[in-house]
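Just below is one structure, and these are the notes that go with it.
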Amino acid sequence: MVVLSEIPEGSSSSHVPPSSTHGHSSSTDDHRYDVFLSFRGVDTRHSFTDHLHKALIDANINTFLDDEEIETGEDLKPELETAIKASQASIIVLSKNYAFSTWCLDELVLILEQRMTSNHIVIPIFYHVEPTHVRKQQSSFGDAMAKHKQTMEEETNVNKRSQWAQKMDRWNKALIEVANLKGNDANGRLETEFIEEVVKDIHRRLHIHLRSIGPQLIGMENHINFVTSWLKDASSHTTDILTIYGIGGIGKTSLAKHVYGLYSHEFHTSSYIEDITRKCNGKFNGLLDLQEQLCNDISKSSSIKVHDVSVYTAKIENALARKRVFLVLDDISTLVQLDALLGSKGFLPGSKVIITTKDSWLTESCSLFKTNIKPKHERHLLRGLDYFASLQLLCSHAFMCNQPKVGYEEVSDKLVMYCKGHPLALEVLGKSLHNRDVSYWEGCIKGLKKEISSPINNVLKMSFESLPSKNDKELFKHIACFFVGTDRDFTETILEACDINTRSGITNLIDRCLLNIGFNNELRMHQLVQEMGRFEVRQESLDKPWKRSRLWCHKESFRVLKQKKGKGNLVGLSLDMRMLEKEKLCASFELKTDAFNNMDKLRLLQLNYVHMNGSYENFPKEISWLCMHGYPLQSLPLNLPIQNLVALDLSYSNIKSFVGCYSNPQRFNVDAVSKNLLFFICLYWLFYFLFADGLLRKQFPNPMLGDANHPTSPLSHLYGIGLMLLLLYSNPQRLETWKKLDGSCLKEKRLLGSLKILNLSFCKQLHSLGEFDQLPALERLIVRNCIGLVEVCESIEQCVDLIFIDLSYCKKLERLPRNIGMLKNVKTMLLDGCSLGESQIQIRDTDSLELGKANNIDINTRTSSPAFVGAIPSDLKLFASSLPSSLVSLSLANSNLSTKSFPMDWSCLSMLKELYLDGNPINSMPSCVRTLPRLEILSMENCKKLKSVEHPPCTLSRLLFSVNGDLQGKVVFDPEMSPLELSPRRVASAAFSYEFEGIIKIQPMVCVEEKVLRSLGWSNLDFLNERHLGANSQEFGTQTMYYEFGIFSTKYEGEEMPSWFRHRSVGPSISFTIPSSSSSSPYNLLTRLNFCFSADTLKPPDDCFPVPYGQFPLWPMMTISNITKNRMWIYERYTDRYCVGGKCWVVLSHWMFGMNEMEAGDHVTITVTLPYNEFVKECGVSFVYDNGEEEDVLGYYKSWNHIIGGDLSPFQTTTGQYILNHLRFFVSGIYLFPYHHKFVPDGPDFQAQKELWFRALSPRKPGINGGAHEAYFLTPKPFLSSHEQQVRGNLQGLPSKFSRVLKDSDHWSL
């Protein structure tokens, strides 16, 4: 008969209000003591406990120890009860005579109650006693309990005897519970070593080191946890090197120093070499001094002085090869420093090296990485603090508290926003503003951007000065002044034309943390770094901006142009008149073009919303980048020198057509008017008389042909042309005007031979793009949101270098040039928001010349052209064939495309790797997607009708889609799929209705096959027998079976658990030892178990109080702990759509385990944690064994990859402990809340982990129970029936297995 551990009523977190503490991170302000020592004085007071107490005190752990030698009275002293409640943790020294003390037993009961109610950490120490003796009350513990029982029986007072019985029951349960906890066994151990381990454990679990975190480490907890985790990782068989890099002042040194102080004592030898760059630069023999310091730290010092770096390096190499060391090399800036301090011969395995630097490239370039056995290297970037940590850091220095003083909130916010999380800036500014009034703060904020020689700037400047070449420094200044936030490729194209080497230059800037690349390939720079770069330019001339090389300040640029002071040294200028409007300056002032006459070296020019007057003949001719947002004219000036332009940006301008005014091939030659006027007049009268005489009437019987007044008569056209020429000839002024127009049109076409980037986005009046033969070098065509654009000329095929086309949201553009598919180099095409599903229109490729009306006669020379005979069909059936086959990325977002709009085959796009179908009314993944052989990224976000994604290409590495919570659907993968990164936005929150193969399977209980229910041991479920449920499945109110992580579960309304659960426990916890099977068959292995609990909801109290965040889970949480094997699975089950409406309810679950994860004799505890105001009435367990005689009907379920017994590494918090929550599939880390810390007390609140690579199915492995044979899975075809898909993957022709459920108690043992 099994003895079940029952949590005393009222002790569950489901019953009692949470305490004021907040888990493991509570500070000493919340607790008076760190540790309460519970021990039996007669056994250990003057030996083990005294030594342990001293070690705890020496480790700065505040410890309570009762000094009373003799126990007085039967009840626990009030001060002991107070001390327990005021402690973060308790160490229970379970010695031979511990249970003879009623005080010790009362302490134990109270300590365990604190564990359940306030995250109290409990560490049992089995001091020369066996945990089994404690659990089963055997040996001295049995004698003690027998003695207490005898005392109870001898008690004659009925009330006291009843109290003794209640106490005996609590003591018995407490001893069982404490024996089940993970403890420390002192048997066979040296006490000094054992005590040292205990102290380290409590030091780590209480996070004692966080107390010593000064203001300089505020907000660095996650970084500390990361470095600590790296430091304790012993999986590598080589040397581990961690490079902590970031801009100056970001906290690299503080972090490394703090971690070194925490863990240096755990290594044979250790050394911390600080401020290496400054010491090397500040002294001639600085590097020798540092080598000497390192040698003295890691080896026996020698009296012989060495004056050769290479000799010292050899000595260091010899020492490092013999000892397991922990080194911190702070602020490395050159390879010479690294090679001198690390050598090239390698370290003893297990050594750890932390390097802090501003240059991430250095570490792997040193000699140590050129050996045959390379160290294991990892990089860790420090980016800066978040807003709240920044505010706390600022306030800690400015106000000596964590929040701004009253009245300082606004100025504090401004400073935090200015510093952008830079710790040094926050510290310097906070200290300088201490005890200053608000007006002083405001003045400081105004002067920040003008301050050049500040300590912050000087620190950041070191990275700039370390750049290896003038090219890199000029590149940095260009980006800091003009290109932060712009596309990297765009910037590289422009600056390459300015003779800047951007390829290596940008890499060097990134390595030194002066620059980083954003998610959308944009250049990003910390605001303080950008300010530093601009300071470098400002220093060229502090008071005379026109003498600088770059002008980015709009106010200064405006004044220089207004005063015409621009000089030949200026290479870049930016002016946005809208920014001046914000400053209430004269934004309507028109500038003169001659203000640019002396700027011969100007290469970068931005004139946004600027009105210019004058001739452009003397405009700078070397301009590479011209940006003129809001350009007011409808065409470019004729004399604007654009032959050297590489990038032209006319976004938001009034331009109507580009290149069109120079490109009409059908023009009138007005100079020929005088020669041909008489000819036209004679020709007209000739035709007139011929018709009048009837000579042509016989040939052309239609009377309209001879009617000069008929609009379609040839005679009418001839008459109109002749009359127009006559009018022009008779009016000299009109003739002169036409001559000028004709002269401009007859000039040679304007060739933009250098133009690579053309941006005409948001030009509402733009209606046509033509004559691409004038743009032979064009690489990027960007025409977004041009709502009037109807025509793109077929001459685009002449832009053979075109790689990027963006025609997004050009809603009137319903046709593409058919020959656009002839382009061989186009990699990216964006057609978002184009009216691909709208009606077709006719578009022509030639320009039209409307000559106006003359004497009410319309003269129209518009001619037809077949340029756009290939309209984009509304169903896209022919669309794919007109796209360039070289496409790598295609976006058709928000184009009103349904699933039927797509063709069956897109194999012509064989190079396509990225496809974006966001915002379309598709209800399933189009079939043509499966025909893309190289597709890696598929995005279907905001597709509100999307219900299924079935069998995406196996090459896919990233799947993005969002789920409408009102829809029910599924995602199905092929077994051969590649590892996948999942990034759906709302799929996690709607997962209770969306079936995602490999993550969660959802089935109405009435649709689950009977043989599956039998295999689970669920063959007799009362709620299925009693309730009539429709088979049309997932309607609201239908019981549903969930499957995830190898766990089946369902929730239903009911008062009682199924009757076949014979082994039960009142309350939220049950503890048991796994029994052996009665069968002798080798196949009779424990593979699965059923766990069930019934629950109810408490009536909310009248005086409701806010529930502290994170104290209770949002959904039922089941924790199975195999104490014997030190394994734990914490499963957070999402709630069903099925709602029980406040009534009693039951959760039934079936758990599958991997090989050897559950074996006979293992001691197991299962605990349920419920949301606030809910409590567990009863729980129970039963076992399922396999004997290999029946087919494995669960074969498909076992083929999932991320299940117990499979790959759960992304869900692992510490070794053997897993938090099973499918939110982890969509986030890059594990969050631990206070309710988790009751089971994982030493884990950080957030464990940042690498991105999870998801794989739905994996081949059956021998290590997964339920089948040691190789499995063959049937791959479903796209049109299999629902039943065939449901049972796909079942094994065919393999030895089967038989499942049975143990329902008898004869196989249970304590």
Side-chain angles (χ1 to χ4, degrees), residues 519-520 808 830-833 836-837 876 889-902 906 909 912-932 934-974 977-1002 1034 1044 1134 1137 1200-1202 1210 1221-1228 1251-1257 1276 1278 1285:
F519 181 77
N520 293 317
S808 299
L830 308 182
L831 298 172
D832 303 347
L836 302 180
L876 280 183
S889 178
L890 172 64
S891 182
L892 298 171
N894 303 313
S895 296
N896 197 29
L897 299 172
S898 66
T899 305
K900 295 181 180 179
S901 299
F902 292 85
W906 257 1
L909 301 178
L912 197 69
K913 293 183 178 181
E914 302 176 11
L915 178 61
Y916 300 90
L917 304 176
D918 310 313
N920 285 301
I922 56 177
N923 54 30
S924 64
M925 186 190 77
S927 299
C928 59
V929 174
R930 301 187 189 98
T931 66
L932 298 171
R934 289 182 173 85
L935 194 67
E936 297 177 0
I937 298 176
L938 174 61
S939 179
M940 294 178 288
E941 294 187 328
N942 299 317
C943 295
K944 296 182 179 179
K945 295 183 179 181
L946 185 65
K947 296 179 64 176
S948 68
V949 180
E950 299 191 36
H951 308 287
C954 295
T955 55
L956 210 63
S957 62
R958 192 176 186 197
L959 176 63
L960 303 95
F961 71 98
S962 53
V963 170
N964 186 343
D966 297 329
L967 295 179
Q968 297 164 357
K970 61 181 178 180
V971 182
V972 181
F973 298 99
D974 285 330
M977 67 172 286
S978 301
L980 191 66
E981 179 188 352
L982 297 174
S983 302
R985 290 183 177 175
R986 294 191 297 272
V987 68
S989 61
F992 58 79
S993 65
Y994 219 82
E995 185 175 329
F996 204 115
E997 186 175 40
I999 296 179
I1000 187 165
K1001 184 173 181 62
I1002 305 170
Q1034 301 183 358
E1044 52 182 340
Y1134 264 44
R1137 281 193 163 214
W1200 283 25
N1201 189 42
H1202 301 287
N1221 185 325
H1222 72 244
L1223 282 175
R1224 172 65 186 95
F1225 285 105
F1226 314 115
V1227 296
S1228 58
E1251 292 181 344
L1252 185 154
W1253 288 98
F1254 165 76
R1255 191 183 186 106
L1257 305 173
Q1285 292 192 30

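With Ser924 contributing its side chain and Ser948 its backbone, the two residues share no donor-acceptor pair below 3.5 Å. Counting only distance, with no hydrogens or angles, the side chain of Arg1255 and the backbone of Met977 share a donor-acceptor pair below 3.5 Å. With Asn942 contributing its side chain and Gly919 its backbone, the two residues share no donor-acceptor pair below 3.5 Å. Remark: side-chain polar atoms of Asn920 are paired, donor with acceptor, to backbone N or O of Asn896 under 3.5 angstrom. The closest donor-acceptor contact from the side chain of Arg930 to the backbone of Glu950 lies under 3.5 Å. Using modelled atom types, no side-chain atom of Asp974 and backbone atom of Cys954 make a donor-acceptor pair closer than 3.5 Å. A donor-acceptor pair under 3.5 Å links the side-chain atoms of Thr899 to the main chain of Asn923, judged by distance alone.
Scanning for side chain to side chain donor-acceptor pair (under 3.5 Å) contacts around Ser898 gives Ser901, with sequence neighbours left out. Remark: Pro926 pairs with Phe902, Leu917, Ile922, Cys928, Val929 by the side chain to side chain contact (heavy atoms under 4.5 Å, CB included) rule, at least two apart or across chains. Ser978 pairs by the side chain to side chain contact (heavy atoms under 4.5 Å, CB included) definition with nothing, not counting sequence neighbours.
Residues Pro1210 and Phe1225 have side chains not in contact (no heavy-atom distance under 4.5 Å, counting atoms from C-beta outward). Between Arg934 and Thr955, the closest side-chain pair of non-hydrogen atoms is not below 4.5 Å.
The aromatic rings of Phe996 and Phe973 are tilted relative to each other, their planes meeting at an angle between 30° and 60°.
Atom NZ of Lys1001 sits about 4.0 Å away from atom CD of Glu995, to the nearest 0.5 Å.
Across every non-hydrogen atom of Glu941 and Asp918, the tightest pair is N-OD1, 2.8 Å.
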